[in-house]
Structures are given as C-alpha cells and as structure tokens.
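To keep things clear, I will list the structure first and then write my remarks on it.
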Amino acid sequence: MEKWMLIDGNSIIYRAFFAIPPLTNSSGSHTNAIFGFTTMLLKLLEQEKPTHVLVAFDAGKVTFRHEGYAEYKGGRQKTPPELSEQFPVLKELLGAFNISQYELAGYEADDIIGTLTKAADDKGVETFVVTGDKDMLQLASEKVTIAVTRKGVSEVDLYTPEAIQEKYGLVPMQIIDLKGLMGDVSDNIPGVPGVGEKTALKLLHEHGTVENVLANLDKLKGKLKENIETHKDDAEMSKKLATIFREVPFEKSIDELSYAGYDGPKLAEAFRKLEFKSLIERLQLGAEAGDMEEEAQAAAADLSIHVIESEQHKEALDRLVDILGKTDKNGLYIEAIGENPHHAELIGLAIAAEDAVFAMPYSVIKQPFAAKLRDWLEQADKPKYGFDLHKVELALKWSGIGFEGSAFDVQLAAYLLDPTEASQTLSGINEKQGLSLLPPDEAVYGKGAKFKVPDADTLYRHLSLKAEAVRKLVPLLTEELSNTGMSKLYFDMEHPLSRILAGMEFQGIKVKSEELEALGRNLEGQLTTIISNVYKLAGMEFNIGSPKQLGEVLFEKLGLPAKKKTKTGYSTDAEVLEELAPYHDIIPLILHYRQLSKLQSTYVEGLLKEVRKETGKIHTYYRQTIAATGRLSSQFPNLQNIPIRLEEGRQIRKAFVPSEPGWSIVAADYSQIELRVLAHIADDENMKEAFIHDMDIHTKTAMDVFGVTAEEVDSNMRRSAKAVNFGIVYGISDFGLSQNLGITRNEAGKFISDYKEVFKGVRQYMLDIVQQAKRDGYVATLLERRRYLNDINASNFNLRSFAERTAMNTPIQGTAADIIKLAMVHMDATLRERKLKSRMLLQVHDELVFEVPQDELELMKTLVPEVMAGALKLDVPLKADMSFGDNWYEAK
DNA sequence: TATTTCACG
DNA sequence: ACGTACGTGAAATAG
C-alpha cells in the first residue's frame with residue numbers, strides 16, 4: 001500500500017523558526033528552524049510511515065498570482081536573515097534524509113502539493129499533507145488528510161472532510177469561498193471589509209459559494225450588503241487567489257518520491273555539523289559500534305602509541321620520562337572507573353608529550369621499573385596537564401601514589417567557560433573546541449548495566465586519544481580563559497581549590513556509628529507505632545511511602561479534598577498535607593512518618609553505609625564542576641544537607657566528631673552573606689548602611705517597609721520581611737512571595753513595590769542586570785565567573801522569566817560562592833604557613849567546619865572568622881559567626 | 001530510568 | 001495571558 005506524505009516546506013520552516021527559541025551552533029549559524037523542522041519530520045515519519053515523501057518549496061518571489069494582483073503577499077515582513085540562512089542547510093539535510101524536494105519558478109509549494117493530491121485522488125492513494133497554512137484544507141478528500149501544525153510545530157491537527165464539516169460546516173472546496181469573503185492578512189488577500197470568519201461562515205452556510213452570495217445580495221441588508229456590493233470584485237479576486245492551482249507541470253515521476261529511510265552516516269554527519277546531539281542520540285546515529293571503531297582507528301592512526309606493559313618495555317618508559325623531563329607540555333589521562341573517586345578503580349593511563357603517546361595499564365605504576373614515572377607524578381615541580389585531576393588525585397592517593405604538580409585541568413577550565421554545560425566530558429569538550437573526533441566513553445565502555453572495560457589494545461588506544469586531546473586542549477582553553485577574563489579566577493582560585501578539596505575529602509570526617517545506630521533504633525520504634533496508627537485510621541494497610549497509594553487512600557478512600565496534581569496523579573507533598581491537617585487525624589501522622597523515615601533512610605542508614613570500616617570516617621566528594629552558580633556540590637554522601645532545622649533531625653549532627661581525642665569541632669558561617677553581597681553589588685545606600693551598622697537586616701527591612709520603629713517590629717512583620725529578602729535574592733515574583741507567605745498576590749505585590757521604594761539601589765540593580773544579560777547573553781560574579789543565559793531573549797514567557805530570575809540570582813549566589821572559595825584558599829594557606837595541626841573538613845555553602853586540637857582552639861576561634869571575613873573587601877563588612885564543641889551538633 | 005518528595009544553603 | 005521563587009543530592013516507588 002502506497003502512502004504519500006507531502007510537506008509544505010516554506011510554511012513549516014517558517015512556523016518552526018518562530019516557535020523554537022534561537023539556537024546557534026558553535027560557529028554561529030542559526031539552526032532553530034531546522035531543528036524544529038527536523039523534529040517534526042522525524043515524528044511524522046515514524047507515525048505515518050509513508051512510502052513516498054516530498055517537500056515542496058516556493059520558488060522565486062513572483063508567482064502567477066501576482067499577474068492579476070501585484071500586491072499578493074505584499075506588506076509581508078522580509079524573511080529574517082536568521083531564517084534565510086537556514087534554507088540551504090535544510091535542503092542539504094533533506095538530501096541526507098533521502099527525501100526528494102521540488103520547487104518550480106512561478107509556483108508556490110501549495111500549488112505543487114495541490115497538483116500531487118489531485119494525482120493521489122485520481123489514483124486513490126492515501127496521502128498526508130503537512131502544512132502550517134489552513135488554506136490547504138481545500139485539498140482534503142476521502143484519501144487526502146491535511147495535517148496543520150499547532151503549538152509551533154510540535155503537534156498537528158488532522159483535517160479530513162468530516163473534520164472540516166464538523167469545525168466549519170463546510171466542504172473542503174468551500175475553504176476558498178471562506179478566504180474570498182474573509183481574506184487573509186498574512187497573504188495580503190483583501191476579502192470583504194467587515195467580514196470576518198463568523199460572518200463569512202454564516203453567509204456560506206446560507207448560500208454555499210461567493211458567487212451565490214453575490215447573486216443573492218438582495219437578501220442582505222445594511223452595512224454588510226453595502227460592503228459586499230462595493231467589494232464584489234475583491235471577493236471574487238480573493239477567492240481566485242486563495243484557490244490552489246492544481247495543474248503545475250510536475251516533472252518528477254512518482255517513483256522518485258519513494259522513501260526508503262535515511263542515510264545514517266550522512267545524517268549523523270549533518271547533525272554533527274548542526275550540533276543536534278539529542279537527535280544523534282535519539283536515532284542512535286552516534287554509537288554504532290562499527291562506525292565508532294572505524295573512526296577511533298582512523299583518529300588513532302596518526303598517533304604513534306607506545307604501549308608499556310612490563311619490564312620488557314623499560315626502554316619506552318625511560319624515553320617517556322626523558323621527554324617529560326625535557327618539555328613542560330604534556331597531556332595526562334588517568335582512567336579511574338566508578339563515579340566515587342574514593343572507591344574508583346584505576347585501570348590505565350596514557351601520557352602524550354611531543355609527538356608520541358605512551359599508554360599502560362595502571363598496574364605498571366606500582367612496579368619497580370616504573371619508579372621514575374612514579375617520581376614524576378609525585379614531584380611538585382613537574383607540571384601535569386590533565387582532565388579531572390581532582391578525581392585522579394584522590395584515586396591515586398587511595399592507591400598509595402602521591403600526586404603533585406597539577407598545572408591545568410581541562411575539565412575545570414571547561415566548567416568555568418560554560419558552567420551550564422551538563423556533562424563536562426572530554427569528548428564533549430573536544431568536540432566543542434572543534435578538534436578531531438574523540439569517541440565518547442560510552443562508545444568504548446558501554447553504559448549502565450552494559451559497562452565493560454574493553455580489551456587492552458582498545459583501551460590503550462582510547463586512553464591515548466584522550467591524553468592527546470588533553471594536550472591539544474590545554475592551550476586552547478588557557479587562551480579562552482584569558483579572552484573571557486577568567487584566568488585569575490582559574491589559576492588563583494579554582495585550580496588551587498581543587499587540590500584543597502582533594503585534601504579535605506581524603507582526610508574525611510569521623511562519624512560515631514554507634515550514635516547513628518542508637519538513633520536508628522529509636523526511629524525504628526517510633527515508625528512502627530506511627531505505621532500501625534496510620535493503618536488503623538485508614539482502615540487498611542498500604543505503603544505509606546508510595547505517593548500513589550497514599551494519594552488513593554487520602555483522596556479516594558478517605559475522600560479528602562485533592563489540592564494539587566502532579567503529572568502522574570495527586571500531589572501529596574508536605575505543603576498539601578499541611579493544608580489537609582484540619583480534615584483528618586491521619587495527616588499529622590503521615591507528616592511525622594515522612595519526617596522520620598527520611599531521617600532513617602537517608603541519614604541513619606544512608607550515612608552508615610558511607611562510613612569506612614577501617615577508619616570510621618566519611619569521605620564526601622565535593623564536585624567543583626556541577627553547579628551553574630559556582631557553588632560546590634557534595635556527593636557520596638552529600639554532607640551539605642545534613643538536617644539542622646528540626647531538632648529531631650539535628651541530632652544526626654551529634655555523630656560527626658573530631659577524629660582525634662581531645663580535639664574540637666569548630667564551625668563558622670557567614671552572616672547574611674548573600675544580602676551583604678547584594679548590598680555591595682546593587683550599591684544600595686540604605687542596605688549598605690544597615691550592614692555597616694551590623695543591624696538585623698530582616699528587622700531593618702521590616703522597619704523601612706512597614707514604616708515603624710525597631711520596637712514596633714513584631715515577629716510577623718520580621719517574618720514577612722525575611723521572606724521578601726529571600727525573594728529578592730531569588731529574583732522575586734509576587735506569586736512566589738504570595739505562596740511563601742500564604743498571602744494574596746496583590747498583597748505580595750504591594751510588599752515588593754514597598755520594598756523597592758525603600759531599597760532603590762536594589763530595584764535599579766534588578767533592572768540593570770536583566771538588561772545586561774539581554775545584551776551580553778551572560779551575567780558574571782564579582783570575580784568574573786560567568787553564566788550564560790540562553791533563554792534570556794526567548795519569546796516563551798516561562799523560559800524568559802526563568803532566565804531573568806536567574807540573571808538576578810546568579811551574581812549574588814555566585815559571588816557568595818566565590819567568597820567562601822577564596823576564604824578556603826586563604827585558610828588553607830594560613831594553616832600551612834603557621835604549621836597548624838587544625839584541619840579544614842567541610843564546606844556547606846556559607847559555612848566551614850574544622851577539627852582543632854586543644855592547643856589551637858583559642859587561636860582558631862578568632863583566626864577562622866577573621867580569615868573568612870577578610871576573604872574579599874566589599875563596601876560592607878563581611879561577618880562570620882563561630883561556634884565550637886565536641887561534635888557538629890554542639891558547634892551551633 | 002523517571003518521578004516525587006524532602007534534606008540543606 | 002502566560003505560571004513561577006535560586007542552587008543542589010539521595011531515597012523510594014513505579015513504569
């Protein structure tokens with residue numbers, strides 16, 4: 001069975017262009033319309049499975065329609081150059097799809113499609129027309145379905161003659177009469193003035209055609225009659241213009257339209273140029289084993305790889321060490337398998353230097369004949385250029401090998417250059433920098449359950465390619481850091497910090513397992529009681545931990561009012577449950593259950609699993625290349641979200657203790673760092689004044705916003721002021737604030753405008769920073785850390801609003817992150833210079849945690865806050881509060 | 001693997 | 001008119 005798919009190329013690409021936010025590839029070519037077109041095409045090919053496909057395009061500016069009416073399509077905006085440039089690329093892409101295309105001077109795409117649907121009607125071939133233009137509905141027939149795009153290009157409405165009847169009460173051919181009467185602004189077809197869709201439909205339901213309407217003018221009256229009478233010619237001409245010409249001299253044979261699938265490699269190549277990575281993945285064009293193998297081999301062909309596996313290869317190893325001694329340029333890649341560097345398995349490494357690459361299994365490092373290479377790794381004056389050296393350093397340390405002389409990290413640099421790039425993989429960075437292909441790790445190792453270390457030769461080759469990529473990337477990224485003003489940020493802060501983090505992580509923090517276990521037993525008992533009470537109140541047993549089952553019990557069985565919905569069902573989050581509390585006694589129990597089971601699973605059981613048996617310590621892994629704002633993140637386990645707000649959870653902190661007897665935990669946190677940063681950045685005199693006098697900022701805010709004295713500020717006013725301050729930092733909206741405070745949007749809006757009246761500098765900052773982001777495409781912190789905001793000029797309100805809030809928040813959160821990172825670098829240097837035994841253990845965004853011996857306690861109590869406060873000079877003082885105790889709980 | 005919920009700043 | 005607070009990670013359930 002044949003099935004044709006006919007696509008109105010111009011109409012779809014136009015629609016796609018306006019529906020998809022601007023996209024460019026790294027060479028600056030616009031690709032959004034092509035992307036939209038392609039995703040729609042792929043979807044329809046899959047859904048409709050056509051045997052024949054044709055994309056028709058308009059050709060030339062003048063068509064036969066202009067002969068009778070020169071203004072046809074007049075008044076249209078010129079095609080934007082951002083779209084024009086995409087036409088040739090799209091046409092080339094269709095080539096890779098093996099889809100035929102057709103255009104003919106003097107005719108529009110509609111006419112070509114009209115001609116083909118006529119043939120389809122004659123032959124009785126099922127046909128599917130894709131367009132963004134409702135004019136085409138006139139072509140619908142028993143065999144011909146018209147798909148009109150909706151919501152941009154992501155969805156289509158299908159029009160059969162029945163559907164048209166249902167929607168308009170017309171047969172397909174009457175669509176031209178409809179256009180004849182109502183006209184079409186976009187094509188500059190006049191129609192009859194004063195006649196819109198409603199009136200036109202009414203007239204046609206009565207009289208059927210334009211001609212009949214004109215013949216029956218006497219049955220009309222008033223202004224309508226007058227209008228039609230005077231614009232009779234317009235109506236007839238408009239109808240003619242709207243009529244699709246179905247006799248185009250179509251010179252292809254139908255066979256030429258046949259579609260048998262796309263050309264995989266060609267399409268992959270085209271997508272690569274366009275940088276449509278998601279589409280490459282979706283069609284699995286990238287990871288075809290055979291291709292990859294070939295490409296990797298080709299890429300490795302120019303590389304002279306020296307494998308060092310045993311003492312037999314001592315000569316090669318000596319040569320390597322010799323080269324490393326002579327040059328200070330190299331590329332080091334050490335492969336550590338596993339996400340957690342504290343448990344990663346080192347399997348091999350490669351070093352690129354001058355024009356050779358040396359690859360070896362990791363075991364070689366441990367052998368006597370490799371002593372010189374070990375020395376090289378451990379010597380601080382021998383620079384190493386690598387990828388994710390933070391992880392490498394940790395993995396090496398655990399295996400008993402030191403690592404010094406880290407000079408540059410490609411991953412860390414790439415993160416600074418674009419912190420929003422999701423996966424900072426070497427392959428991705430390589431591609432972005434336009435270097436020759438480096439197969440992604442997935443292609444070599446497989447992913448998920450299929451992960452497997454390949455045979456030795458494949459591994460050596462892959463590691464060699466990576467080492468070579470590192471070597472080539474170092475100068476490119478160094479240059480880019482310099483071009484973007486981030487060299488200092490990199491070399492003075494981020495890079496040194498990565499070494500400090502590795503030290504903190506390897507050091508670890510002591511955890512008393514008995515403490516956690518005791519807490520766990522207590523929780524266990526409480527949970528058992530709560531569960532049985534919940535079952536009683538529910539009248540049945542179910543899994544309280546399942547939002548689905550809980551939703552059914554609460555909203556169906558117990559008939560409580562459902563408030564919010566998630567995409568899969570009822571929402572049962574704490575906010576919803578708190579509102580339901582007055583309705584049923586089961587609610588507080590469920591909230592309590594949630595709270596305790598979170599403690600039990602995440603914090604008691606979760607943390608216990610991470611305690612090293614040998615040392616009784618937990619070693620978190622701070623990730624420096626994840627957060628878009630420049631903050632650190634913490635994994636395996638996350639020690640940046642240990643409970644503190646509720647007393648029951650706070651108990652967890654009692655298990656975090658010093659690792660040596662008699663030592664103390666010292667914790668210091670910045671006071672209001674984000675608002676202080678805001679006062680500085682926004683240069684807001686009133687807010688700066690408040691901090692210069694070290695006032696309680698929330699009380700001060702309440703005083704100014706409500707116009708009262710300090711004594712008159714009650715707890716409710718302070719709470720509101722605090723919420724507004726938070727909101728300001730997040731990029732406020734009246735809705736967000738109203739949600740947070742449980743007040744109406746109007747009230748929230750009033751708060752915000754009052755606030756902005758009081759803090760005029762803040763208001764100006766919010767306006768300026770968004771403006772600046774729209775102009776530059778990025779925002780920056782005080783230390784010049786950048787974050788690009790791709791959606792800042794999006795036409796989609798949601799995306800744009802999100803980007804605007806991010807523009808307001810990132811310089812604040814990011815500068816605060818810069819400051820504590822700076823404090824960590826200073827603190828580390830101070831501890832070293834003074835040869836102190838105290839150790840920096842943890843960072844929690846605005847807090848640093850140390851373990852401190854007795855004889856240094858008094859010193860550290862003043863030193864830590866001093867160093868933190870002095871990390872960066874702002875127009876307002878920075879302040880850090882210090883506390884100490886026998887464990888993290890006591891240090892409050 | 002995706003979704004929901006909740007812990008932190 | 002649009003539908004929202006900013007930044008993270010982990011655990012459990014469900015598909």
Side-chain angles (χ1 to χ4, degrees), chain A residues 339 419-420 447-449 542-551 564-577 590-591 593-607 609-610 620-623 626-646 648-650 652-653 669-670 672-674 678 723-741 745 748 752 779 787 794-814 816-817 820 842-848:
Chain A
E339 284 213 64
T420 46
K447 61 175 167 183
F542 66 101
N543 186 346
I544 310 172
S546 160
K548 186 166 176 277
Q549 292 181 37
L550 179 63
K564 267 197 301 194
K565 276 208 272 187
T566 66
K567 57 180 94 161
T568 54
Y570 307 109
S571 172
T572 66
D573 64 21
E575 196 194 318
V576 169
L577 293 182
I590 289 166
L591 283 165
Y593 172 87
R594 282 260 177 88
Q595 189 202 335
L596 299 187
S597 66
K598 177 89 180 176
L599 289 177
Q600 181 77 305
S601 64
T602 305
Y603 296 104
V604 173
E605 290 165 2
L607 288 177
K609 270 185 242 161
E610 299 289 348
T620 187
Y621 174 38
Y622 287 109
R623 297 205 58 186
I626 299 292
T629 53
R631 277 189 174 184
L632 299 178
S633 85
S634 158
Q635 293 180 319
F636 318 130
N638 181 354
L639 291 187
Q640 291 181 320
N641 70 346
I642 303 303
I644 189 165
R645 293 172 191 169
L646 298 174
E648 286 124 306
R650 195 171 196 159
I652 298 281
R653 295 182 173 229
D669 67 312
Y670 280 110
Q672 302 297 354
I673 188 166
E674 292 191 336
L678 173 62
V724 179
N725 277 328
F726 266 90
I728 289 290
V729 169
Y730 292 153
I732 198 151
S733 72
D734 54 3
F735 182 89
L737 183 65
S738 72
Q739 287 287 298
N740 192 295
L741 281 176
R745 241 171 111 150
I752 294 168
V779 290
R787 177 174 183 179
S795 52
N796 179 310
F797 177 89
N798 264 336
L799 290 177
R800 191 178 62 248
S801 302
F802 194 1
E804 289 171 357
R805 292 196 295 273
T806 310
M808 301 183 225
N809 171 265
T810 294
I812 302 171
Q813 190 182 122
I820 195 164
L842 303 175
Q843 189 251 44
V844 193
H845 308 308
D846 67 352
E847 175 187 12
L848 294 176

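Computation of the quantities below employed the complete heavy-atom set of this structure, encompassing side-chain atoms and omitting hydrogens, waters and symmetry-equivalent molecules.
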Next on the checklist: Mind checking if A:Asp669 touches a base, just sugar-phosphate, or nothing, with heavy atoms under 4.0 Å?
Outcome noted: nothing

Next on the checklist: What contact category does A:Ala816 fall into here, base, sugar-phosphate, or nothing, at under 4.0 angstrom with non-hydrogen atoms?
Outcome noted: nothing

Next on the checklist: Heavy atoms only, 4.0 Å cut-off, all strands: where does A:Gln549 land among base, sugar-phosphate and nothing?
Outcome noted: sugar-phosphate

Item to check | Separation between the C1' atoms of C:dC2 and B:dC6, rounded to whole Å | outcome: 29 Å

Checklist entry - Can you list the residues that meet the ring-ring contact (aromatic ring centres under 6.0 Å, His included) rule with A:Tyr570, with sequence neighbours excluded? => result A:Phe555

Next on the checklist: Regarding A:Gln640 and A:Ser634, do their side chains bring together a donor and an acceptor under 3.5 Å, going by distance alone?
Outcome noted: no

Checklist entry - Mind checking what makes side chain to side chain donor-acceptor pair (under 3.5 Å) contact with A:Thr806, not counting sequence neighbours? => result none

Item to check | Canonical and wobble pairing (Watson-Crick, G-U, under 3.5 Å) of DNA chain C, dot-bracket with | | outcome: .....|||||||||.

Next on the checklist: Students often get this wrong, so: under 4.0 angstrom with heavy atoms, is A:Gly731 touching a base, only sugar-phosphate, or nothing?
Outcome noted: nothing

Next on the checklist: Test of understanding: with ring-ring contact (aromatic ring centres under 6.0 Å, His included), list the residues that count as partners of A:Tyr670, not counting sequence neighbours.
Outcome noted: none

Item to check | By side chain to side chain donor-acceptor pair (under 3.5 Å) - contacts of A:Tyr622 (at least two apart) | outcome: none

Next on the checklist: Below 4.0 Å from chain A heavy atoms, what is the first contacting nucleotide of DNA chain C and what is the last?
Outcome noted: C:dC2 to C:dG15

Item to check | Nearest-angstrom distance, P atom, B:dT5 to C:dA5 | outcome: 14 Å

Item to check | Any residue meeting salt bridge (charged side-chain N to carboxylate O under 4.0 Å, His left out) with A:Lys564, in chain and number order, not counting sequence neighbours | outcome: A:Asp573, A:Glu575

Item to check | Non-neighbouring partners of A:Arg623 that pass side chain to side chain contact (heavy atoms under 4.5 Å, CB included), sequence neighbours left out | outcome: A:Glu339, A:Tyr621, A:Thr625, A:Ile626, A:Ser633, A:Gln635

Checklist entry - Between A:Asn809 (side chain) and A:Val729 (backbone), is there a donor-acceptor pair under 3.5 Å? => result yes

Extract all donor-acceptor atom pairs below 3.5 Å that involve side chains of residues 732-739 of chain A and protein atoms in other chains or at least two apart in sequence.
{"from": "A:Ser733", "atom 1": "OG", "to": "A:Gly736", "atom 2": "N", "distance (Å)": "3.1"}
{"from": "A:Ser738", "atom 1": "OG", "to": "A:Asp734", "atom 2": "O", "distance (Å)": "3.4"}
{"from": "A:Ser738", "atom 1": "OG", "to": "A:Phe735", "atom 2": "O", "distance (Å)": "2.7"}

Checklist entry - Which part of the nucleic acid does A:Ser733 contact within heavy-atom distance under 4.0 Å: base, sugar-phosphate only, or nothing? => result base

Item to check | Residues that A:Glu674 engages under salt bridge (charged side-chain N to carboxylate O under 4.0 Å, His left out), provided they are two or more places apart | outcome: A:Arg631

Next on the checklist: Within the 4.0 Å heavy-atom criterion, would you say A:Phe802 contacts the bases, only the backbone, or no part of the nucleic acid?
Outcome noted: sugar-phosphate

Next on the checklist: I'd like to compare against my own output: the B/S/- annotation of nucleotides 4-9 of chain B with a strict under-4.0 Å heavy-atom distance to protein.
Outcome noted: SSBBBB

Checklist entry - For A:Ala723, which contact category applies under a 4.0 Å heavy-atom criterion: base, sugar-phosphate, or nothing? => result base

Next on the checklist: Under the rule for side chain to side chain donor-acceptor pair (under 3.5 Å), what residues qualify as partners of A:Thr568, not counting sequence neighbours?
Outcome noted: A:Thr566

Next on the checklist: Just to be sure I understand the rule, does A:Arg787 reach a base, reach only the sugar-phosphate, or reach nothing, if contact means heavy atoms closer than 4.0 Å?
Outcome noted: sugar-phosphate

